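Everything below concerns the one structure shown next.
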Amino acid sequence: MFDFEKLDVYNEIRDVNRKVLAFLNENKEMPDFIRKNFKNTTMEIQLDLADGTSRMTRNEKRDKYTQARANVFICVAILQTLIDMNGIDKNNYEDFYGGYERISKMLLGMIRSADSRNGN
């Protein structure tokens, strides 16, 4: 088992991504640029976390976790655009938003932990 697979945040990301990707697959009428950006960005959260766990220094880890968290924020902005366009129902919006909020908090804890070990 790889280190990232043991993390609660990784499993939370996997769960959100499973739901988001299914939603995107079912909503082919959504503008392509939104679908593509949402899909790529939500996957980047998962990939950056996995990449971060492979890094050897705390600074490298923190940078990858920070990038993962930045992608969470982008996904939330995309969600808000979708709700404004009536491109997502309220239940999916709230489910995805709640997942991203949990992921953001977990990643922030990892970032702060890396900072505290560096004396910041």
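In this text the structure is predicted, and so the values were computed from the model without any measurement. As a basis for the values below, the full set of heavy atoms in this structure was taken, side chains included, without hydrogen atoms, waters or symmetry mates.
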Considering only heavy atoms from C-beta outward, does the side chain of [X] approach that of [Y] to under 4.5 Å?
| X | Y | answer |
| --- | --- | --- |
| Val20 | Tyr100 | yes |
| Arg35 | Lys28 | yes |
| Met85 | Ile34 | yes |
| Thr81 | Ile78 | no |
| Met43 | Leu21 | yes |

Treating [X] as the side-chain partner and [Y] as the backbone partner, does any N or O pair qualify as donor plus acceptor under 3.5 Å?
| X | Y | result |
| --- | --- | --- |
| Thr42 | Phe38 | no |
| Asn27 | Glu29 | no |
| Lys61 | Arg55 | yes |
| Arg69 | Leu107 | no |

Do [X] and [Y] sit in the same hydrophobic cluster, where Ile, Leu, Val, Met, Phe, Trp and Tyr count as joined when their side-chain heavy atoms come under 4.5 Å apart?
| X | Y | answer |
| --- | --- | --- |
| Leu108 | Tyr10 | no |
| Val16 | Phe4 | yes |
| Met56 | Leu7 | no |

Output the distance between atom [atom1] ([X]) and atom [atom2] ([Y]), rounded to the nearest 0.5 Å.
| X | Y | atom1 | atom2 | answer |
| --- | --- | --- | --- | --- |
| Arg62 | Lys64 | CZ | NZ | 13.5 Å |
| Asn92 | Glu26 | CG | CD | 8.0 Å |
| Leu47 | Leu49 | CG | CG | 9.5 Å |
| Ile45 | Asn71 | CD1 | CG | 6.0 Å |
| Glu60 | Ser54 | CD | OG | 8.5 Å |
| Asp89 | Ile83 | CG | CD1 | 7.5 Å |

Inset, instruction - For Tyr97 and Leu79, work out which heavy atoms get closest and say how close. - result: N-CD1, 3.7 Å
Inset, instruction - Locate the shortest heavy-atom distance separating Tyr93 from Ile88; write the atom from each residue and the value. - result: N-CD1, 3.7 Å
Inset, instruction - Flag the pair Lys90 and Glu94 as a salt bridge only when some basic side-chain nitrogen lies within less than 4.0 angstrom of an acidic carboxylate oxygen. - result: yes
Inset, instruction - Can you sort out the partners of Lys19 under side-chain contact (heavy atoms from CB on, under 4.5 Å), two or more places apart, ordered by chain and number? - result: Asp15, Asp95, Phe96
Inset, instruction - Would you tell me whether Arg14 and Asn17 have side-chain atoms, one donor and one acceptor, within less than 3.5 Å of each other? - result: no
Legend entry - Glu101-Ser104 side chain donor-acceptor pair, cut-off 3.5 Å: no
Legend entry - Other residues, nucleotides, ligands: >12 heavy atoms within 6.0 Å of Lys6 NZ: yes
Legend entry - Greater than 12 external heavy atoms within 6.0 Å of Asp8's CG: no
